[in-house]
Peer 1: 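First, the structure itself, so that you have it in front of you.
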Amino acid sequence: GAGFVGRLAGDLLAGNPGAGWQFFNRGISGDRSIDLLGRWRRDTLALKPDLVSILVGVNDTWHEHLTGNGISVSRYAELYRMILDDTRWARPDVRLVLGEPFALPGGEFKEAWIGELRQRATVVRQLAQKYSAAFVPFQAMFEAAQKSYSTAELAADGVHPSPLGHQLMAKAWREAAAL
């Protein structure tokens with residue numbers, strides 16, 4: 001894809017010729033944590049990855065407020081732990097990189113929902129510590145970027161990043177993952 005994962009893949013492959021790395025982006029726009037869990041073994045673990053990066057959570061909040069089909073924060077934490085436990089069981093030495101769910105108020109994402117999203121971010125930060133994973137502070141990165149860029153320049157609807165937003169995400173991911 002043209003998002004931050006595609007940018008990461010291009011940057012890492014260009015900087016490491018002959019490394020033989022393969023990148024698989026299994027992210028699906030609109031997925032909630034329960035959707036991710038349902039396809040985790042097939043879409044991720046079956047690939048026998050050496051590194052797994054996860055970014056999930058904004059749709060758990062967004063879908064609740066838009067359609068009443070979200071996932072509570074406590075259930076989100078439980079589902080996320082299940083994903084990580086399955087991963088550690090199948091790939092004990094896999095390197096984990098957990099992205100903080102993020103949104104920028106504006107467009108379709110409302111300021112009133114940010115508190116719930118911050119609770120999810122706390123869950124992810126705690127899970128990153130528990131599972132010895134790198135933590136990517138995407139929300140903090142976007143908030144800092146708003147000092148230089150408008151919300152429309154970063155993510156017009158508040159959830160889906162622009163090309164600029166994706167570029168900043170790739171940079172933040174590389175810094176957090178130390179790659």
Side-chain angles (χ1 to χ4, degrees), residues 1-59 79-104 120-121 123-149 153-157 159-179:
F4 83 97
V5 176
R7 291 164 190 263
L8 278 170
D11 289 347
L12 290 169
L13 289 169
N16 297 279
W21 294 342
Q22 293 181 336
F23 294 82
F24 301 93
N25 184 354
R26 297 298 193 234
I28 296 178
S29 183
D31 259 12
R32 300 159 301 151
S33 54
I34 198 161
D35 303 312
L36 183 60
L37 176 63
R39 59 189 182 79
W40 190 249
R41 289 183 185 190
R42 178 192 69 235
D43 284 3
T44 305
L45 299 181
L47 299 171
K48 299 186 182 341
D50 296 313
L51 185 148
V52 170
S53 180
I54 303 170
L55 175 59
V56 67
V58 70
N59 289 320
L79 294 166
Y80 212 131
R81 277 191 300 274
M82 291 170 70
I83 289 167
L84 294 172
D85 285 343
D86 281 354
T87 303
R88 283 288 186 224
W89 178 83
R91 304 289 296 164
D93 296 323
V94 74
R95 187 166 176 202
L96 295 169
V97 181
L98 308 184
E100 178 180 36
F102 66 89
L104 301 174
R120 293 182 199 285
V123 166
V124 176
R125 186 179 298 274
Q126 291 169 347
L127 290 172
Q129 290 174 346
K130 179 180 178 182
Y131 290 86
S132 300
F135 176 79
V136 188
F138 286 132
Q139 184 70 38
M141 180 275 303
F142 274 111
E143 289 173 2
Q146 285 186 298
K147 294 176 182 160
S148 301
Y149 305 102
E153 291 174 299
L154 296 168
D157 66 0
V159 174
H160 298 96
S162 66
L164 170 62
H166 280 294
Q167 189 65 42
L168 294 173
M169 289 177 72
K171 181 178 184 288
W173 190 99
R174 284 195 70 183
E175 288 171 0
L179 284 176

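Just the heavy atoms: all of them, side chains too, but no hydrogens, waters or symmetry mates, feed the values below. Not measured: the values here are computed from a predicted model.
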Peer 1: How far does CD of Gln126 sit from CZ of Arg81, to the nearest 0.5 angstrom?
Peer 2: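 Separation between the atoms: 9.5 Å.
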Peer 1: For Arg41, enumerate each residue passing the salt bridge (Lys or Arg N to Asp or Glu O under 4.0 Å) test, keeping only those at least two apart in sequence or located in another chain.
Peer 2: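 Arg41 satisfies salt bridge (Lys or Arg N to Asp or Glu O under 4.0 Å) with Asp86 once adjacent residues are dropped.
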Peer 1: Looking at residues at least two apart in the chain, or sitting in another chain, which of them share a side-chain hydrogen bond (donor to acceptor under 3.5 Å, both in side chains) with Thr87?
Peer 2: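 So Thr87 forms a side-chain hydrogen bond (donor to acceptor under 3.5 Å, both in side chains) with Trp40.
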Peer 1: Could you work out, with side-chain hydrogen bond (donor to acceptor under 3.5 Å, both in side chains) as the rule, every residue matching Asn59, not counting sequence neighbours?
Peer 2: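 Listed in chain order: nothing, the list is empty.
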Peer 1: Give me each pair satisfying salt bridge (charged side-chain N to carboxylate O under 4.0 Å, His left out) with a member in residues 124-144, each pair once, sequence neighbours excluded.
Peer 2: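 Counting only pairs at least two positions apart or across chains, the salt bridge (charged side-chain N to carboxylate O under 4.0 Å, His left out) contacts touching residues 124-144 are Arg118-Glu143.
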Peer 1: Quick one, Val56 and Asp31 - any side-chain contact, counting heavy atoms below 4.5 Å?
Peer 2: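 Of all side-chain heavy-atom pairs linking Asp31 with Val56, none is under 4.5 Å.
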Peer 1: Might you work through the side chain to side chain contact (heavy atoms under 4.5 Å, CB included) test for Arg39 and Ile28, ending with a clear yes or no?
Peer 2: CA-CA 11 Å; Arg39 59 189 182 79; Ile28 296 178; 3.5 Å; yes
Peer 1: Kindly indicate whether the side chain of Asp43, heavy atoms from C-beta on, has any atom under 4.5 Å from the side chain of Phe24.
Peer 2: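 SC-SC contact between Asp43 and Phe24 ruled out.
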Peer 1: What residues form a salt bridge (Lys or Arg N to Asp or Glu O under 4.0 Å) with Asp35, not counting sequence neighbours?
Peer 2: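 Testing Asp35 for salt bridge (Lys or Arg N to Asp or Glu O under 4.0 Å), a comparison that skips the adjacent residues, returns Arg32.
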Peer 1: Give me the atom names and distance for the closest heavy-atom approach of Phe135 to Ala128.
Peer 2: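 Of all heavy-atom pairs spanning Phe135 and Ala128, the closest is CB-CB, 3.9 Å.
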Peer 1: Under the side chain to side chain contact (heavy atoms under 4.5 Å, CB included) rule, what do Leu55 and Phe4 come out as? Steps first, then yes or no, please.
Peer 2: CA-CA 11 Å; Leu55 175 59; Phe4 83 97; 4.0 Å; yes
Peer 1: Which pair of non-hydrogen atoms, one from Gly3 and one from His166, has the smallest distance, and what is that distance?
Peer 2: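 Result for this residue pair: CA-ND1, 3.3 Å.
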Peer 1: Does the side chain of Leu98 reach to within under 4.5 Å of the side chain of Tyr80, using non-hydrogen atoms?
Peer 2: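 Yes. Closest side-chain heavy atoms under 4.5 Å.
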Peer 1: The criterion is salt bridge (Lys or Arg N to Asp or Glu O under 4.0 Å); which residues satisfy it with Glu175, sequence neighbours excluded?
Peer 2: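 Partners of Glu175 under the salt bridge (Lys or Arg N to Asp or Glu O under 4.0 Å) test: Lys171.
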Peer 1: Measuring from Gln22:CD to Leu47:CG, what's the distance to the nearest 0.5 Å?
Peer 2: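 CG of Leu47 is found 9.0 Å from CD of Gln22.
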Peer 1: Just do the side chain to side chain contact (heavy atoms under 4.5 Å, CB included) check on Ile54 and Leu36 with the steps written out, would you?
Peer 2: CA-CA 10 Å; Ile54 303 170; Leu36 183 60; 4.0 Å; yes
Peer 1: Restricting to salt bridge (Lys or Arg N to Asp or Glu O under 4.0 Å), what partner residues turn up for Asp85, sequence neighbours left out?
Peer 2: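 In terms of salt bridge (Lys or Arg N to Asp or Glu O under 4.0 Å), with neighbours along the sequence ignored, Asp85 is linked to no residue.
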Peer 1: Applying side chain to side chain donor-acceptor pair (under 3.5 Å), which residue pairs with at least one partner in residues 6-16 are found, sequence neighbours left out?
Peer 2: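 For residues 6-16: Arg7-Gln167.
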Peer 1: Nearest heavy-atom pair of Arg120 and Pro101: which atoms, and what distance?
Peer 2: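 Between these two residues, the closest heavy atoms are CB-CG, 3.9 Å.
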Peer 1: From Met141 CE over to Gln146 CD, what is the distance, rounded to the nearest 0.5 angstrom?
Peer 2: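 It is 10.5 Å, given to the nearest 0.5 Å.
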Peer 1: Apply side chain to side chain contact (heavy atoms under 4.5 Å, CB included) to Trp173 and Leu179, showing your working.
Peer 2: CA-CA 8 Å; Trp173 190 99; Leu179 284 176; 3.8 Å; yes
Peer 1: Once side-chain hydrogen bond (donor to acceptor under 3.5 Å, both in side chains) is applied, do any residues pair with Ser29, and if so which ones, sequence neighbours excluded?
Peer 2: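 Listed in chain order: His160.
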Peer 1: Identify the heavy atoms of Ala176 and Val136 that sit nearest to each other, and give their distance.
Peer 2: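 Here Ala176 and Val136 meet closest at CB-CG2, 3.7 Å.
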Peer 1: Taking side-chain contact (heavy atoms from CB on, under 4.5 Å) as the definition, give me every residue that meets it alongside Ala155, ordered by chain and number, with sequence neighbours left out.
Peer 2: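 Once residues adjacent in sequence are excluded, the partners of Ala155 under the side-chain contact (heavy atoms from CB on, under 4.5 Å) criterion are Leu104.
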Peer 1: Sequence neighbours excluded, which residues qualify as side-chain contact (heavy atoms from CB on, under 4.5 Å) partners of Leu164?
Peer 2: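 So Leu164 forms a side-chain contact (heavy atoms from CB on, under 4.5 Å) with Tyr149, Glu153, Leu154, Ser162, Leu168.
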Peer 1: Listing request: all salt bridge (charged side-chain N to carboxylate O under 4.0 Å, His left out) pairs with a residue in residues 90-102, at least two apart in sequence or in separate chains.
Peer 2: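 Matches after skipping sequence neighbours: Asp50-Arg91.
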Peer 1: Kindly compute the distance separating OG (Ser53) from CG (Asn25), expressed to the nearest 0.5 Å.
Peer 2: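 So the gap between those two atoms works out to 9.0 Å.
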Peer 1: Between Gly15 and Pro17, what is the shortest heavy-atom contact and its length?
Peer 2: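 In terms of heavy atoms, the two residues are closest at C-CD, 3.5 Å.
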Peer 1: Where is the tightest heavy-atom contact between Phe102 and Gln139, given as atom of each residue plus distance?
Peer 2: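 Distance-wise, the nearest heavy atoms are CA-OE1, 2.9 Å.
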